[in-house]
Amino acid sequence: MKLSSKNLNERIDTLYDAIVVGGGMGGLSAAIYLARYGLKCLVIEKGKGRSLWMQDLRNYVGLDPHTPGRDILNHGTKTSLDWGADHLRGYVEEVTDEGETFAVKVKVGKQDSIYPVFHSKYVIAASGIMDNLPQLENMQNVYDYAGYTLHVCMICDGYDMWDQKAVLIANTESQIGAAFVLNWFTPYISVLTHGLCTVSDTMKQKLADHGYPLYEAPISKFLGENHQLSGVELTDGTVVEATTGLVGMGSVYHNHYLKGIEGLEWDGQNLVTNEMAKTSHDRIFALGDLKKGLNQVSIAVADGTVAATQIWRNIRRASPPRRWEENIKVATTV
């Protein structure tokens, strides 16, 4: 059932088996499996997640390489709804551990917001991350290339930068180190700091030893047309020729709602999980970008599958078996 501020009261007293925070690839995978296991599931999606910005999903088995992320999200949402999951567009503000259940406080609506609280036995954290992009006066100029020829994931899109002239945009010296991995795909690398960090003499020498130019002036604008990058213009008038780029400026983790939960093990901003995506809390699972490990769509989808399966196993093992009562009565009579 698709929920909104107009009808959510129909579900406000429901005790869900699991609430999935995030309706991206991992969250939808979990919702589909939960629903097919016959469990009550609510997906709460804030919108505009990382996978929505993927213009081409070129490394997922079975999909056309030009499939945009939004098509997969729309299909996955419809599929989970068809199997019986509930969906709500909202922003999870807080999760409170009540002992045997969780209270999940949600902000619904940007104006005249309401704050319903839903309850569940389990929580699946699938709210992901958002990559930091260079901040320009005209952000539409950035969006014209981000997800097309300006990439944020080397593992996903390194192949698409093969032997091209590439810019690596980094805001810390440690992020500049990505140049020495990116060179597996292309040696034609120019490093841009957007004026955000100081580069040590040691790093400057290392870049020079590899032939990678360093530009420390802020970015003025990206150049090109039809989403195809041709270069980057800096505020000092320099134009750096490039047909592709990698943004390595860190990410914002949407994990604030779990910060008040005791007993969770963190590795930086990532949650530590076992092979079934369970955190150190027995009733909280974490998927995809929020857990420690690789950040690929295929990983997130698999995480959703195993998390839903483990939750089903837990609930099934604690439930009485279903019996064919008519046969039992007949056997007793005979």
Side-chain angles (χ1 to χ4, degrees), residues 1 3 8-23 26-46 80 84-108 113-128 253-288 290-292 303-322:
M1 179 177 179
L3 303 182
L8 59 81
N9 282 336
E10 295 182 35
R11 293 288 199 264
I12 202 69
D13 293 327
T14 298
L15 175 58
Y16 287 98
D17 292 301
I19 288 179
V20 182
V21 184
L28 291 173
S29 172
I32 289 169
Y33 272 83
L34 288 165
R36 285 174 58 82
Y37 284 134
L39 300 178
K40 294 189 290 293
C41 163
L42 169 64
V43 178
I44 303 173
E45 165 59 19
K46 63 177 178 52
S80 60
D86 288 344
H87 278 250
L88 174 66
R89 179 60 64 89
Y91 183 82
V92 173
E93 294 211 327
E94 184 180 11
V95 172
T96 303
D97 187 352
E98 298 181 319
E100 295 184 357
T101 61
F102 293 103
V104 180
K105 180 182 178 182
V106 186
K107 178 182 178 181
V108 178
S113 304
I114 58 175
Y115 297 86
V117 176
F118 296 91
H119 293 84
S120 67
K121 300 173 186 175
Y122 292 86
V123 166
I124 299 179
S127 42
Y253 286 74
H254 296 293
N255 57 17
H256 61 282
Y257 55 91
L258 294 175
K259 294 294 187 176
I261 302 291
E262 295 183 1
L264 287 175
E265 182 180 354
W266 299 84
D267 185 339
Q269 292 296 312
N270 293 111
L271 284 157
V272 176
T273 63
N274 67 7
E275 70 279 2
M276 298 302 287
K278 186 181 76 66
T279 69
S280 52
H281 190 298
D282 282 342
R283 293 179 290 111
I284 297 178
F285 291 72
L287 315 181
L290 284 192
K291 62 182 273 291
K292 184 180 179 181
D303 288 341
T305 302
V306 297
T309 299
Q310 186 60 59
I311 289 171
W312 167 66
R313 286 174 177 171
N314 293 347
I315 292 174
R316 174 178 61 81
R317 289 165 180 168
S319 302
R322 299 177 68 189

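- Looking at every heavy atom in both residues, Gly26 comes nearest to Leu287 through O-CD1, 3.4 Å.
- No side-chain heavy atom of Asp282 sits under 4.5 Å from any side-chain heavy atom of Asn314.
- Remark: aromatic rings of His281 and Phe102 are close, center separation under 6.0 Å.
- Using a 4.5 Å heavy-atom threshold, the side chains of Ile311 and Phe285 count as touching.
- Cation-pi check for Lys292 over Trp266 is not met; the charged atom does not lie both under 6.0 angstrom from the ring centroid and within 45 degrees of its normal.
- Note: Tyr37 and Trp312 have parallel aromatic rings, judged against thresholds of 30 and 60 degrees for the angle between ring planes.
- When side chains are defined from C-beta on, Leu271 counts as touching Leu264, because their heavy atoms get closer than 4.5 Å.
- Crowding of Glu98 atom CD: a count of heavy atoms from other residues, nucleotides or ligands under 6.0 Å exceeding 12.
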Item to check | Steps toward side-chain contact (heavy atoms from CB on, under 4.5 Å) verdict (Val21, Tyr257) | outcome: CA-CA 10 Å; Val21 184; Tyr257 55 91; 3.6 Å; yes
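- Between Gly23 and Val43, the closest heavy-atom pair is CA-CG1, 3.8 Å.
- Side-chain contact check for Tyr115 versus Val108: every heavy-atom pair is 4.5 Å or farther apart.
- Contact check for Tyr16 versus Lys121: no side-chain heavy atoms found under the 4.5 Å cut-off.
- Side chains of Lys46 and Val92 form no contact here, defined as non-hydrogen atoms less than 4.5 Å apart.
- The closest side-chain heavy-atom distance from Cys41 to Val20 is below 4.5 Å.
- For His256 and Tyr91, the ring centers sit closer than 6.0 Å to each other.
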Next on the checklist: Determine whether Arg283 and Asp97 satisfy the following criterion, salt bridge (charged side-chain N to carboxylate O under 4.0 Å, His left out), listing intermediate values before the conclusion.
Outcome noted: CA-CA 10 Å; Arg283 293 179 290 111; Asp97 187 352; 3.0 Å; yes
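- Interatomic distance, Glu100 CD to Leu15 CG, rounded to the nearest 0.5 Å: 10.0 Å.
- To the nearest 0.5 Å, atoms CG (Asn270) and OH (Tyr253) are separated by 4.0 Å.
- Of all non-hydrogen atoms in His87 and Leu28, the two that sit nearest each other are CE1-CD2, 3.6 Å.
- Looking at every heavy atom in both residues, Ile124 comes nearest to Ala307 through CD1-CB, 4.4 Å.
- Contact between Gly263 and Ser280 at its shortest, heavy atoms only, is O-OG, 2.6 Å.
- Distance check: Glu93 CD to Ser113 OG gives 8.5 Å after rounding to the nearest 0.5 Å.
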Next on the checklist: Val106 vs Leu8, test: side-chain contact (heavy atoms from CB on, under 4.5 Å). Steps then yes/no.
Outcome noted: CA-CA 11 Å; Val106 186; Leu8 59 81; over 6 Å; no
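- Note that CG of Asp267 is 12.0 Å distant from NZ of Lys291, once rounded to the nearest 0.5 Å.
- Closest of all the heavy-atom pairs between Ala30 and Ala308 is O-CB, 3.6 Å.
- The closest side-chain heavy-atom distance from Val104 to His119 is not below 4.5 Å.
- A distance-only check finds no donor-acceptor pair linking the side chain of Thr279 to the backbone of Thr273 [under 3.5 Å].
- At least one donor-acceptor pair under 3.5 Å links the side chain of Ser127 to the backbone N or O of His254.
- Under a cut-off of 6.0 angstrom, the local environment of OH in Tyr33 is sparse, with at most 12 non-hydrogen atoms contributed by other residues, nucleotides or ligands.
- Expressed to the nearest 0.5 Å, how far CG of Leu290 lies from CG of Leu258 amounts to 7.5 Å.
- At distances below 3.5 Å, at least one donor-acceptor pair connects side-chain atoms of Asp17 with backbone N or O atoms of Lys40.
- Note that the CE atom of Met1 and the CG atom of Leu42 stand 11.0 Å from one another [nearest 0.5 Å].
- Side chains of Thr305 and Ser29: a donor-acceptor N/O pair is present below 3.5 angstrom, by distance only.
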